[in-house]
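Below, read A as the first sequence line, B as the second, and so on, with proteins coming before strands; counting in each chain starts at 1.
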2 protein chains.
Amino acid sequence: MTPEPNILIVDDEAAIRDMIGIALDTAGFRSTTASTALDAHVNIIDQRPDLVLLDWMLPGGSGIELARRLKRDELTASIPIIMLTAKTSEDNKVQGLDVGVDDYVTKPFSPRELVARIKAVLRRSTGNLKDKPIRVFDLEMDPASHRVMVEDRAVEMGPTEYRLLNFFMTHPEKVYSRDHIQDQVWGANVYLEERTVDVHIGRLRKALSAASKTGINYSALIQTVRGAGYRFSTRHN
Amino acid sequence: MTPEPNILIVDDEAAIRDMIGIALDTAGFRSTTASTALDAHVNIIDQRPDLVLLDWMLPGGSGIELARRLKRDELTASIPIIMLTAKTSEDNKVQGLDVGVDDYVTKPFSPRELVARIKAVLRRSTGNLKDKPIRVFDLEMDPASHRVMVEDRAVEMGPTEYRLLNFFMTHPEKVYSRDHIQDQVWGANVYLEERTVDVHIGRLRKALSAASKTGINYSALIQTVRGAGYRFSTRHN
DNA sequence: TGCAATGTTACATTTTGATGACACGTACTG
DNA sequence: CAGTACGTGTCATCAAAATGTAACATTGCA
């Protein structure tokens, strides 16, 4: 998504949260924290972190429950989870992996090891999904290089416009309401003025228009659907 | 699309029920209330609300229990639940409530936040049901892209004509009075001149006629039934 | 033919979307 | 550290589309 991946740390001990937070910070990650499964779930719904560090031994044993839930729910299933566990017994490892957790780290661990594992998991998960460029006529979006090209020339646009275009190109031929677009591009439960979406649509269109030298106007791909929202479509309006 | 979503508020404190009820009302939702888990369960089975706001701490059979039951029962599992939780209560007890609810709101909350979360959850749950396109000869309506096509070319029409055609195509071969059409297309409790329906029928017919290049006149599908109303039918008048 | 029902057109009003301007915050630079 | 450039969200304003109604035209049945 954004430059620095956002990591959610879930642990009931403040000391551990802080320690990990500092480690991630120096490694160039952003991080947020939660001390209960409940807080964690709310955070995940709202912020959609790029990865979750989840303590196995949350009071009530709800850490594994949360992991199971996250992997079952389509909305959150793709978010990688690394389990933190104090126990070294094989049972736990097996159980954790059963749930669909991506990796586990046993306490005590070195910050260095943790960061290495995080990077490995992120590389795996982002590499698989996002690497394939999407092309529509001479408009190409390459998530790997985080770049948009029109007729083989780079298009300049802000991060929000990039995410917006990315959302549209991965969800073509369907209308989305402004609310829905806000959910997808800004994150759920972020309150914005509805018109803000319009403004960014305008900016994206402008960027696309300015980019073409051949007279093909790629901004026409982003269609206004009166009374309903916007649509990315190759078909004529 | 559907009229106003119906929200069930489950809380044992009347003051909170009222407060939420008013907030939902101003946000354009309908709401019903229940003060006990039992009432709530009966209501849910009878009314099938679009969403349940559930206080997690209910006397005589906790809210968590109800949530668990609802999510376990196939009949009710698809009804989204938002849990109302008290931030002040002991976190220990909160652990067990990770039972598959869709979101949480912690008391005290602002009406605005509540409404935003309700909308987000509703959007998520209804967005999953994908409407399938309806096709009659070479007239196709695709709700997902919010488009009407005749002979593979887009047909231009206003939102009201779109809703009108959508109603007809999902209710073919039956006459509907102008009153009934008003209820379905404009919504109940909207008063309009009866002639207004005629005008929009006219506009829809015009749009359909103008769209065909093959000489087939799709406006003939919308038939006038003198003295009764209108009918969408593939059979000849 | 006469009359009620329906179709059509024009128009004032309302709603909705596009866009430029601006203020604020942040990161970068000299 | 000041200065600058940039990204972002909001607002005011303009333009365009949609809407509902009334007036008038046409149709079709008794």
Side-chain angles (χ1 to χ4, degrees), chain A residues 1-4 28 30 146 148 154-166 175-183 185-187 189-210 217 219-232 237, chain B residues 28 112 116 146 148 154-167 175-183 185-187 189-210 217 219-232 237:
Chain A
M1 275 256 189
T2 21
E4 309 90 31
R30 280 179 301 132
H146 206 269
V148 177
V155 183
E156 285 191 31
M157 63 179 72
T160 306
E161 284 73 42
Y162 179 88
R163 271 178 287 135
L164 191 53
L165 181 59
N166 184 64
V175 219
Y176 293 96
S177 69
R178 291 172 174 74
D179 272 351
H180 210 290
I181 292 171
Q182 278 192 20
D183 276 5
V185 174
W186 277 265
N189 298 316
V190 176
Y191 180 76
L192 291 176
E193 226 26 74
E194 277 227 330
R195 295 272 146 253
T196 300
V197 175
D198 297 42
V199 174
H200 282 276
I201 290 274
R203 285 168 183 162
L204 176 55
R205 280 175 174 158
K206 198 151 121 190
L208 291 177
S209 299
N217 190 349
S219 73
L221 293 169
I222 296 161
Q223 302 170 351
T224 303
V225 182
R226 250 182 184 259
Y230 296 95
R231 172 178 58 202
F232 184 89
N237 209 343
Chain B
R112 183 186 198 172
H146 205 272
V148 177
V155 183
E156 285 190 34
M157 63 179 72
T160 306
E161 285 74 43
Y162 180 89
R163 272 178 285 134
L164 192 53
L165 180 58
N166 186 62
F167 168 67
V175 210
Y176 294 97
S177 69
R178 290 172 175 73
D179 269 350
H180 200 273
I181 291 171
Q182 277 191 22
D183 281 359
V185 175
W186 277 263
N189 67 27
V190 177
Y191 179 74
L192 293 175
E193 283 302 318
E194 281 226 330
R195 311 264 98 245
T196 300
V197 176
D198 297 41
V199 174
H200 282 277
I201 291 275
R203 284 169 182 160
L204 176 54
R205 281 174 173 158
K206 195 152 121 192
L208 291 177
S209 301
N217 191 349
S219 73
L221 292 169
I222 297 162
Q223 302 169 353
T224 303
V225 182
R226 220 180 157 74
Y230 297 95
R231 172 178 57 202
F232 183 89
N237 209 341

> Is there, by distance only and without an angle test, a donor paired with an acceptor across the side chain of A/Arg203 and the base of C/dG20 below 3.5 Å?
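Checked by distance alone, the answer is no.
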
> Measure the spacing between CD1 of B/Ile181 and CZ of B/Arg178 and express it to the nearest 0.5 Å.
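Rounded to the nearest 0.5 Å, the CD1-CZ separation comes to 7.5 Å.
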
> Rounded to the nearest Å, what distance is computed from the CD atom of residue B/Glu194 to the C1' atom of nucleotide C/dA5?
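Checked: the CD to C1' distance equals 11 Å.
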
> Classify the nucleic acid contact of B/Val225 as base, sugar-phosphate or nothing, counting any heavy atom under 4.0 Å across all strands shown.
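Here B/Val225 touches the backbone only, sparing every base.
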
> Among side-chain atoms of B/Asn217 and B/Ser219, is any donor-acceptor pair under 3.5 angstrom?
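Note: B/Asn217 and B/Ser219 side chains meet the donor-acceptor criterion.
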
> Using whole Å, what does the distance between atom P of nucleotide D/dC11 and atom NE2 of A/His200 come to?
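These atoms are roughly 14 Å apart.
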
> Tell me whether the side-chain N or O atoms of A/Arg226 pair up with the base of C/dT16 as donor and acceptor below 3.5 Å, since no angle test is needed here.
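Checked by distance alone, the answer is yes.
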
> Rounded off to whole Å, could you give me the CD1-to-C1' distance for the B/Ile181 and C/dT6 pair?
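Answer to the nearest Å: 13 Å.
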
> Looking only at the side chain of A/Asp198 (C-beta and beyond, no hydrogens), which of the listed nucleotides D/dA18, C/dT19, C/dT8 gets closest?
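So the side chain of A/Asp198 is nearest to C/dT19.
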
> Would you mind telling me which residue lines up with the more 5' stretch of DNA chain C, B/Tyr230 or A/Tyr230, judged by nearest nucleotide?
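Final value for this comparison: B/Tyr230.
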
> I need the CD-C1' distance between B/Glu193 and D/dC24, as an integer number of Å.
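Atom-to-atom, B/Glu193 to D/dC24, this comes out as 16 Å.
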
> Kindly assign one of parallel, tilted or perpendicular to the pair A/His146 and A/Tyr162, based on the angle between their ring planes and the thresholds 30° and 60°.
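Rings of A/His146 and A/Tyr162: parallel, under 30°.
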
> Counting distance only, does the side-chain N/O of B/Arg205 pair as donor-acceptor with the main-chain N or O of B/Ile222 below 3.5 Å?
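Yes: the side chain of B/Arg205 pairs with the backbone of B/Ile222.
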
> Would you say B/Trp186 reaches D/dG20's phosphate, i.e. side-chain N/O to OP1/OP2 under 4.0 Å?
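Yes, such a contact exists.
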
> C/dT6 P sits how many Å from B/Arg231 CZ, rounded?
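Answer to the nearest Å: 13 Å.
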
> Side-chain N or O of B/Arg195 less than 4.0 angstrom from OP1 or OP2 on C/dT8?
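Checking C/dT8 against B/Arg195, no side-chain N or O comes under 4.0 Å of OP1 or OP2.
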
> Please work out if A/Glu161 contacts a base, only the sugar-phosphate, or nothing of the nucleic acid, heavy-atom cut-off 4.0 Å.
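It contacts sugar-phosphate atoms only.
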
> Please report the distance, rounded to the nearest Å, between CE in B/Met157 and P in D/dT19.
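Answer to the nearest Å: 12 Å.
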
> Whole-Å distance between D/dT27 P and B/Arg205 CZ?
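After rounding, the reported distance stands at 14 Å.
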
> Could you grab the distance from atom OG1 of B/Thr160 to atom CG of B/Leu204, nearest 0.5 Å is fine?
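Those atoms lie 10.5 Å apart.
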
> Can you tell which of D/dA18, C/dA18, C/dG7 lies closest to the side chain of A/Thr224?
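So the nucleotide nearest the side chain must be C/dA18.
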
> Would you indicate which nucleotide in D/dT8, C/dG17, C/dT6 comes nearest to any side-chain atom of A/Pro159?
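Per side-chain heavy atoms of A/Pro159, the pick is D/dT8.
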
> With sugar-phosphate meaning primed atoms plus P, OP1 and OP2, does B/Thr196 contact a base, only sugar-phosphate, or nothing at under 4.0 Å between heavy atoms?
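Base contact.
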
> In whole Å, I'd like the distance from the CD atom of B/Glu156 to the P atom of D/dA16.
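Between P of D/dA16 and CD of B/Glu156: 15 Å.
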
